[in-house]
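Only one structure is covered here, and it is reproduced in the block below.
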There are 2 protein chains.
Amino acid sequence: MKKLAVVALGGNALLRGDQQGTAEEQIANITATLENVVYLVKEGYNLIISHGNGPQVGNLLMQYDAGEAKYDVPQFPLDVAVAMTQGSIGYMIERSVRNILRKYNMKKDVITLVTQVVVDKDDPAFQNPTKRVGKIYDKEQADKLTKDNGWVFKEEVKAHGGWRRVVPSPQPKDIMNTKAVEEMAREGKIIITVGGGGVPVYIDDKGDIQPTEAVIDKDLASAVLGKKVNADEFYILTDVPYVYINYKQANEQKLEFINHADTMKHIENGMFAEGSMGPKINACLRFIEGGGGKSVITEATKLEDKSFGTKITMEYED
Amino acid sequence: MKKLAVVALGGNALLRGDQQGTAEEQIANITATLENVVYLVKEGYNLIISHGNGPQVGNLLMQYDAGEAKYDVPQFPLDVAVAMTQGSIGYMIERSVRNILRKYNMKKDVITLVTQVVVDKDDPAFQNPTKRVGKIYDKEQADKLTKDNGWVFKEEVKAHGGWRRVVPSPQPKDIMNTKAVEEMAREGKIIITVGGGGVPVYIDDKGDIQPTEAVIDKDLASAVLGKKVNADEFYILTDVPYVYINYKQANEQKLEFINHADTMKHIENGMFAEGSMGPKINACLRFIEGGGGKSVITEATKLEDKSFGTKITMEYED
């Protein structure tokens with residue numbers, strides 16, 4: 001049986017911080033990244049692709065804000081915004097994958113799903129929103145939005161200051177349609193799912209699915225997806241070729257192979273930055289703890305050279 | 001084998017003209033409509049759902065316009081806008097269908113696809129854009145957008161006048177992933193696809209899929225989908241229970257059963273309004289000409305009573 005890989009594309013693989021965010025920029029970035037991802041297909045893997053949406057959903061929230069002010073078009077809540085970015089980014093990825101496959105004379109179905117991810121309504125994250133989203137407001141605007149919409153703000157520490165909305169980032173508990181996704185992927189279809197960490201929903205006391213104003217970490221949701229579809233390998237593509245300890249210090253050391261126990265020690269020693277490499281490492285551990293064979297963190301361009309990247313496994317191989 | 005039905009939901013079944021367009025309004029409308037659509041599932045049909053996006057994509061284009069003016073967030077082209085509405089509306093439909101199924105103790109997978117629809121790049125529609133989209137501009141703004149973006153405008157005849165962008169509405173030639181959609185639907189999964197008529201793309205001379213600034217008629221795309229998945233029945237849900245001839249005249253007559261030949265005669269006699277019932281009738285004919293058994297035009301609330309609705313077949317049944 002072919003190996004099944006879940007590959008999570010970082011939001012920055014799709015839209016860099018120095019770019020405006022036009023469709024042309026995004027499709028160019030996506031195509032460059034996917035040229036490398038398709039290498040896994042050439043190698044004989046079955047493939048599921050997930051993706052971030054940080055810069056894109058930020059832009060969309062600004063468009064909502066401006067549209068309300070200028071044309072009285074009502075703003076949408078975060079669940080709908082995430083669903084919109086699953087549509088737009090998923091479409092661009094699917095189109096790009098299809099064109100790359102054609103170039104290499106590979107015939108495969110490519111299917112993009114709009115995907116809901118279930119969180120626990122009692123997740124403590126709802127009491128402690130931490131994830132910054134959308135535009136920077138001044139104090140007066142932020143106070144008004146807190147009063148009108150119940151939004152929570154935190155002060156920006158960087159650059160020009162100001163106030164930014166923070167939303168909860170609860171744990172992904174369940175991902176919809178994973179059985180169908182696994183079946184299709186094992187038939188050789190390339191599946192794009194869990195974009196932006198998934199549309200956040202919870203199950204109410206009656207059993208109904210309800211929307212929630214939150215964002216789910218896309219690496220963590222992708223790791224849970226990987227477990228649920230029984231994937232063999234889990235890749236997080238980011239902007240560095242390796243994970244490092246003592247990062248940017250004189251004794252910096254790149255990690256090529258690392259087992260579960262040593263990874264835990266490095267976490268205890270504070271080696272991985274919160275809000276940056278920390279969550280990626282946690283997602284990698286979640287995947288291998290669930291029975292996955294190997295998690296890999298690397299740059300997209302390094303996929304073709306298997307010696308690259310940080311490989312995380314339960315035990316070191318002999 | 002169970003019968004397979006394709007049901008196309010009108011944009012107005014999701015968002016009425018007198019509503020602002022909030023997520024709450026849309027989910028309430030969607031749920032009311034789908035309560036009726038799920039009746040087909042209770043009756044033993046396999047089901048594919050498509051939907052319009054007219055009011056939604058119009059609101060999104062206004063949000064793009066305002067976002068550029070206020071925050072310099074670049075506007076997205078129409079293909080991306082349609083993909084966004086497939087994400088948002090598809091998610092709301094899927095969530096609603098899941099909740100309704102649960103209420104009736106029916107267990108079924110519900111899967112929403114982001115769907116590209118291929119048009120011919122030489123379609124004459126590209127020389128004659130007719131479909132009005134987005135906000136109403138004044139003459140000066142319209143002239144500037146023509147100069148800057150190459151947009152085409154037509155003057156509004158109704159109410160307050162002004163100028164509105166018109167875009168091509170080419171014929172749907174091919175719909176992506178119909179084989180997988182048919183397989184899944186025949187396994188009993190409810191599939192949501194071809195939202196807003198599909199993300200409009202064309203195949204360039206090299207064979208690459210390229211985006212195009214157009215909108216595809218959702219009823220026509222749904223009819224083509226129905227043919228390609230070998231559906232037995234095709235439903236267009238709109239805001240009238242029947243199709244009429246001599247509509248709103250003294251000799252108005254509702255049509256209950258109508259065959260292909262008589263439908264053609266009514267078209268020749270100008271009985272169906274362009275831009276309103278005309279395209280729906282054309283889509284119904286397209287479906288039965290392709291081998292589909294029956295096309296039906298009616299209101300969602302009438303699905304439960306099979307005597308309602310205008311049924312269009314190749315020949316009258318005995």
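- Top candidate by heavy-atom pairs under 4.5 Å with chain B, chosen from Thr193(A), Asn177(A), Thr22(A), is Asn177(A).
- Atom CD of Gln210(B) and atom CZ of Arg95(A) lie 6.5 Å apart (nearest 0.5 Å).
- With rounding to the nearest 0.5 Å, the separation of CE in Met184(B) from CE in Met184(A) is 4.5 Å.
- Neither the backbone nor the side chain of Lys103(B) comes within contact range of chain A, judged by heavy atoms closer than 4.5 Å.
- Neither the backbone nor the side chain of Ile89(A) comes within less than 4.5 Å of any heavy atom in chain B.
- Remark: Lys173(B) NZ is loosely packed, at most 12 non-hydrogen atoms of other residues, nucleotides or ligands lying under 6.0 Å away.
- Heavy atoms closer than 4.5 Å to chain B are found nowhere in Glu68(A), neither backbone nor side chain.
- Going from atom OH of Tyr64(A) over to atom CG of Leu60(B) covers 7.0 Å, rounded to the nearest 0.5 Å.
- Only the side chain of Lys189(A) comes within less than 4.5 Å of a heavy atom in chain B; its backbone stays farther off.
- For Glu183(A), the part lying near chain B is the side chain, with the backbone staying farther off; criterion is any non-hydrogen pair under 4.5 Å.
- Atom CD in Glu94(A) sits 7.5 Å away from atom OG1 in Thr115(B) (nearest 0.5 Å).
- The pair Asp109(B)-Lys179(A) fails the salt-bridge criterion, with no side-chain N (NZ, NE, NH1 or NH2) lying under 4.0 Å from an Asp/Glu carboxylate O.
- Counting heavy-atom neighbours within 6.0 Å of Lys144(A) NZ, excluding the residue itself, gives a total of 12 or less.
- For Gln20(A), the parts lying under 4.5 angstrom from a heavy atom of chain B are both the backbone and the side chain.
- Contact tally against chain A (heavy-atom pairs below 4.5 Å) for Gly87(B), Ala81(B), Gly67(B): the top residue is Gly87(B).
- When atom types are taken as modelled, the side chain of Gln63(A) and the backbone of Gln75(B) share no donor-acceptor pair closer than 3.5 angstrom.
- Contacts between Tyr71(A) and chain B at a heavy-atom distance below 4.5 Å involve the side chain alone, from C-beta outward.
- To the nearest 0.5 Å, the span separating CD on Gln56(B) from CZ on Phe76(A) amounts to 7.5 Å.
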Exercise. Evaluate the side chain to side chain contact (heavy atoms under 4.5 Å, CB included) criterion for residues Lys70(A) and Lys70(B): first the C-alpha distance (whole Å), next the side-chain angles of each, then the deciding distance (0.1 Å), finally the verdict.
Key: CA-CA 9 Å; Lys70(A) 187 168 177 184; Lys70(B) 187 167 176 184; over 6 Å; no
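- Applying the 6.0 Å contact sphere to CG of Asp18(A) captures more than 12 heavy atoms from other residues, nucleotides or ligands.
- Ranking Met92(A), Gln86(A), Lys135(A) against chain B, the residue ahead of the rest is Lys135(A), based on heavy-atom pairs under 4.5 Å.
- For chain A, no part of Glu24(B) is nearby; none of its heavy atoms comes within less than 4.5 Å.
- Heavy-atom pairs under 4.5 Å with chain A were tallied for Val114(B), Thr112(B), Asn99(B); the largest tally goes to Asn99(B).
- In this structure a side-chain-to-backbone donor-acceptor pair under 3.5 Å is missing from Arg98(A) to Ile209(B).
- Chosen from Gly90(B), Ala23(B), Pro77(B), Ser96(B), the residue pairing most often with chain A at heavy-atom distances under 4.5 Å is Ala23(B).
- For Val110(A), the part lying near chain B is the backbone, with the side chain staying farther off; criterion is any non-hydrogen pair under 4.5 Å.
- Interface check for chain A: of the options Asp79(B), Val80(B), Thr85(B), the most heavy-atom pairs under 4.5 Å are formed by Asp79(B).
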